[in-house]
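Computed from a predicted model, the values in this text were never measured in an experiment. Counting begins at 1 with the first residue of the sequence.
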Amino acid sequence: MNTKVKSASSATRRAAVASVPPPQYVGPVQWRVLVDWLLADRVITAKEAQRTISRCSQAESAQPALVRLAAVGIERASDGAPMDVEELTQYLARRAGLEYLRIDPLKVDVGRVADTMSAVYAERHKVLPVQVSNSEIVVATSEPFIDDWVSEIERQAKRKVRRVVANPQEIKRFTVEFFALAKSVRAVERSGNTSLVANFEQLVELGKSNRQLDANDQGVVQVVDWLWQYAFDQRASDIHLEPRREQGVIRFRIDGVLHSVYTVPIGVMAAMVARIKLLGRMDVVERRRPLDGRIKTRNPRGQEIEMRLSTLPTAFGEKLVMRIFDPDTAVKDLSALGFTQHDAERWENLVSRPNGIILVTGPTGSGKTTTLYSTLKRVATDEVNVSTIEDPIERIDPALNQTQVQPQLDFSFAEGLRALMRQDPDIIMIGEIRDLETAEMAVQAALTGHLVFSTLHTNDAPSALTRLMELGVPSYLLNATMLGVLAQRLVRTLCPNCRAPDTDPASADMLAEAIKPWKINNHQLYKPVGCVECRMTGYRGRMGIYELLTISEAFRNLVHSESGLSALRRQAAADGMRPLRLAGALRAAEGITTMEEVITATPPMT
C-alpha cells in the first residue's frame with residue numbers, strides 16, 4: 001500500500017510540475033493551474049495536491065479559482081492549516097509579480113473612482129478602480145494574467161493604469177456597493193432635490209399637500225441605508241455628517257480615530273440630514289438650534305442597533321453626529337471592559353454595598369457610560385428598583401427606570417433627583433454632578449440609604465474629592481457617604497494578528513521612565529506592525545484602563561483635615577490604588593497595548 005501511495009504521489013508531482021505554465025501565461029487562472037503552481041512552489045504537498053484535485057473535480061462550480069480552492073480547505077505544507085481566500089490571493093499576486101491589496105473602503109474616494117468606468121464594464125472585466133490621481137488609476141483585479149482592458153482604460157481616462165491583485169469576493173462586493181452609492185448620489189443631484197432641500201420649509205408645505213418630501217426620495221433613502229450598514233460593517237462608534245463650503249464630508253470614528261469616508265454635494269448632505277431627522281422624529285424645519293433624537297435599526301447580523309442623534313447649526317448648514325450603541329458593546333463583564341483581577345475584585349466589593357456614593361471620572365469618550373451601564377445591568381435584579389436621571393439618556397435599557405433632564409422645563413439633575421427620592425429607589429444613577437445643588441442631593445440620597453452612582457470630570461480619582469469640596473460639599477459629608485472613585489481612559493489595543501515583540505531598548509527606557517518610582521519586572525513589550533485585518537494601523541479595538549480609589553479610614557482622616565491633593569494621592573496608592581499610567585503600563589507590559597498609547601491617554605504620575 002505504501003508503495004502504491006508513493007508511486008501515485010510521484011506521478012502527481014511529475015504531472016503537476018510538467019503542467020506549470022510558462023511565465024508568459026495568459027488568460028483566466030484555472031483552479032487546476034493554481035494547484036500546480038502551489039505544488040511547484042512547495043506551498044502544498046503532493047498528497048494535498050492530489051486530495052484537492054479530487055475534491056474540486058467532484059464539485060463542479062462557477063466560483064473563481066481562489067474561492068474554490070479555499071472552499072475545499074486546501075492545506076499549507078508548513079503547518080497543515082487551511083489557506084483562506086486572502087492567503088491564496090497574496091500567493092497569486094507574488095506569482096504574477098504584482099502588488100497585493102486588501103481593499104479598504106475607508107480609503108477609497110467612491111465618487112471619483114466610479115467616474116473612471118461604468119459598473120457594467122467593471123463587472124464584465126471583474127476589475128475595480130480603487131484609487132485615482134492626476135497621473136494614474138490603481139485598478140484591483142483577481143485575474144492578473146488578463147490585461148486586454150488596460151489600454152482602453154488608459155486611453156479613455158488619459159492616465160496610466162497600475163494593476164494590483166485583490167480578493168475576488170471583495171472586488172465583487174465593493175463593485176456593487178461603490179457603483180450603487182455613486183448612482184444614488186447622482187440620482188439625487190439630477191432629481192433637483194439639492195436645490196429644494198436648501199429651502200426645506202417649502203418642502204414641508206409641499207408635503208402637507210400629499211406630495212412626497214425630498215428627504216424620502218429613493219436616492220436619499222439608499223444613501224442613508226448604505227451609510228448605516230457601512231458604518232456597522234466598519235465597527236464605527238460615531239458617524240459625522242459635516243457640511244463644508246463646497247461639499248459635505250462623511251467621517252467615521254473607529255477605535256477612537258476619525259476617518260474620512262466619502263464626500264457628497266452639499267445639497268445631498270442636506271437631504272441626508274433631513275432624512276435622518278425625520279426617522280429620528282426630530283423637527284425637520286428647525287435648523288437654527290441644536291436638536292437631539294434617536295433611531296433604532298438593524299445591523300447586517302440582524303441585531304437591533306440604537307443610535308443617538310445630535311445636530312448643531314454651523315456656518316454651512318446642520319452638522320449631524322450619530323453615536324452608535326452596538327449591542328455587542330453595550331453590556332460587558334468586568335474582564336471584557338478591561339478590569340484587571342486586582343481592580344475587578346475591589347469594584348465588585350464597592351457595588352455590592354447597600355448605600356453610599358460611587359463616582360466614575362474621566363473625559364468625554366473615555367468609556368464612563370459603558371462602565372456604568374454594565375455595572376447597573378449587573379445590580380438591576382428583580383429585588384431592587386434602579387432609577388436614573390440622565391442628560392441625555394445614553395442607552396435605553398428595559399431593566400432600568402430612566403428619566404431625561406429637561407432644562408427648558410426647569411427639570412434639572414437636582415429636581416430629577418428630588419423627584420426620584422419619592423419613587424422608592426434602591427439604586428440611583430445621576431448622569432453627572434455639575435453643581436453644588438446636585439452634589440448635595442446625591443449626598444442626601446446616600447445618607448438616607450441609597451446606593452448612588454454618578455460621573456464627574458476630573459483627571460484622576462483623588463481629584464474627585466477635592467472637586468466636590470471646591471463645589472462646597474463639606475468634608476464630613478464626603479467621609480460619611482463616599483465609597484470609592486473610578487477614573488478611566490480608553491487605549492487602542494494591538495492587533496493580535498500582526499503585533500511583534502519590541503526589542504528596542506528605548507521602549508524599555510520609556511516604560512521605566514513613565515512609571516517611576518514603580519518598576520515592572522519580566523515584561524515583554526510589543527509594537528504595532530499593520531496587516532489587512534487592522535487596516536495597516538497595527539491596532540484593533542480599544543480597552544479601558546482604570547484607577548480605582550477605595551476610601552479607607554486613613555484617607556478619610558486626610559479628607560477631614562482637607563489635606564492637599566498630593567497627600568491624597570500618596571494615601572490612595574498606599575491603599576492599593578494603581579495610578580492610570582501604571583495601570584496602562586501593566587497592560588503594555590502584557591503586550592496588549594503600547595506605551596505610546598498609554599502616555600497619550602493618561603496624565604503623568606505626580
Side-chain angles (χ1 to χ4, degrees), residues 25-29 62-67 85-86 89 92-93 96-191 194 218-220 222-223 225-227 229-230 233-234 246-250 259-265 268 532 535:
Y25 177 77
V26 176
V29 177
Q63 290 178 319
L66 297 171
V67 178
V85 178
E86 286 298 335
T89 304
L92 180 61
L98 295 177
E99 179 186 348
Y100 161 80
L101 176 71
R102 174 72 177 268
I103 300 175
D104 185 350
L106 295 179
K107 297 179 180 178
V108 177
D109 187 337
V110 177
R112 196 171 184 188
V113 301
D115 290 335
T116 61
M117 65 181 70
S118 68
V120 174
Y121 189 91
E123 290 173 353
R124 182 168 70 246
H125 292 281
K126 296 181 175 60
V127 297
L128 178 64
V130 292
Q131 185 178 334
V132 180
S133 67
N134 294 331
S135 58
E136 73 171 6
I137 302 174
V138 179
V139 182
T141 177
S142 59
E143 296 290 356
F145 303 105
I146 301 177
D147 59 2
D148 53 1
W149 50 269
V150 172
S151 58
E152 185 176 358
I153 296 298
E154 288 181 337
R155 183 174 63 255
Q156 291 180 352
K158 295 181 175 56
R159 294 178 177 90
K160 295 291 292 182
V161 168
R162 177 161 63 90
R163 295 181 301 143
V164 295
V165 180
N167 183 330
Q169 294 173 314
E170 289 194 346
I171 291 177
K172 182 177 180 180
R173 170 194 169 189
F174 289 124
T175 297
V176 174
E177 289 188 9
F178 290 171
F179 284 98
L181 174 62
K183 181 180 178 181
S184 296
V185 172
R186 293 192 191 106
V188 176
E189 293 182 273
R190 286 196 301 268
S191 69
T194 57
Q218 189 60 34
V220 178
Q222 290 176 352
V223 172
D225 287 346
W226 167 85
L227 176 68
Q229 298 304 318
Y230 194 17
D233 186 55
Q234 299 300 319
E246 301 295 336
Q247 60 188 6
V249 179
I250 300 173
H259 300 264
S260 293
V261 176
Y262 196 42
T263 58
V264 298
V268 175
V532 295
R535 300 188 184 88

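Side-chain atoms of Q131 never come within 3.5 Å of backbone atoms of I137 as a donor-acceptor pair (strictly under, hydrogens ignored). One N or O on the side chain of R163 and one on the backbone of P144 form a donor-acceptor pair closer than 3.5 Å. When atom types are taken as modelled, the side chain of Y230 and the backbone of P105 share a donor-acceptor pair closer than 3.5 angstrom. At distances below 3.5 Å, at least one donor-acceptor pair connects side-chain atoms of E154 with backbone N or O atoms of V161.
L227 is listed as a side-chain neighbour of I250, based on a closest heavy-atom distance under 4.5 Å. Between V139 and V130 there is no side-chain heavy-atom pair separated by less than 4.5 Å. Contact check for N167 versus S142: no side-chain heavy atoms found under the 4.5 Å cut-off. Inter-residue side-chain proximity for V165 and T89 is flagged as met; some heavy-atom pair is nearer than 4.5 Å. Residues M117 and I153 meet the side-chain proximity criterion, which asks for heavy atoms closer than 4.5 Å. P28 has its side chain within reach of I146: a pair of non-hydrogen atoms, C-beta onward, lies under 4.5 Å apart. Side-chain contact between V132 and R159 is present, with at least one heavy-atom pair separated by less than 4.5 Å. For the pair E99/R162, a side-chain contact is recorded, criterion being any heavy-atom separation below 4.5 Å from C-beta on.
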inquiry  = What verdict does the side chain to side chain contact (heavy atoms under 4.5 Å, CB included) test give for E152 and Y121, after you've listed the backbone C-alpha separation in whole Å, the side-chain angles of each residue and the deciding distance to 0.1 Å?
reply    = CA-CA 11 Å; E152 185 176 358; Y121 189 91; 3.1 Å; yes
task = Dump the intermediate steps for side chain to side chain contact (heavy atoms under 4.5 Å, CB included) on V164 and L98, then the final yes or no.
result = CA-CA 6 Å; V164 295; L98 295 177; over 6 Å; no
message = Please evaluate residues Y100 and L92 with respect to the criterion side chain to side chain contact (heavy atoms under 4.5 Å, CB included), reporting the C-alpha separation (whole Å), side-chain torsions for both, the decisive distance (0.1 Å), and the verdict.
response = CA-CA 9 Å; Y100 161 80; L92 180 61; over 6 Å; no
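Looking at R102 and E170, a side-chain N of the basic residue comes within less than 4.0 Å of a carboxylate O on the acidic one, giving a salt bridge.
Residue K107 holds its NZ atom at 5.0 Å from CG of D104, rounded to the nearest 0.5 Å. Note that CD of Q156 is 10.0 Å distant from OG of S151, once rounded to the nearest 0.5 Å.
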Exercise answer: donor-acceptor pairs, residues 173-182 side-chain atoms, under 3.5 Å, sequence neighbours excluded:
from	atom 1	to	atom 2	distance (Å)
R173	NE	E177	OE2	3.1
R173	NH2	D233	OD2	2.5
T175	OG1	I171	O	2.5

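The aromatic rings of Y262 and W226 lie perpendicular to each other, with more than 60° between the two planes, well past the 30° mark.
Of all heavy-atom pairs spanning V85 and Q169, the tightest one is CG2-OE1, 3.7 Å.
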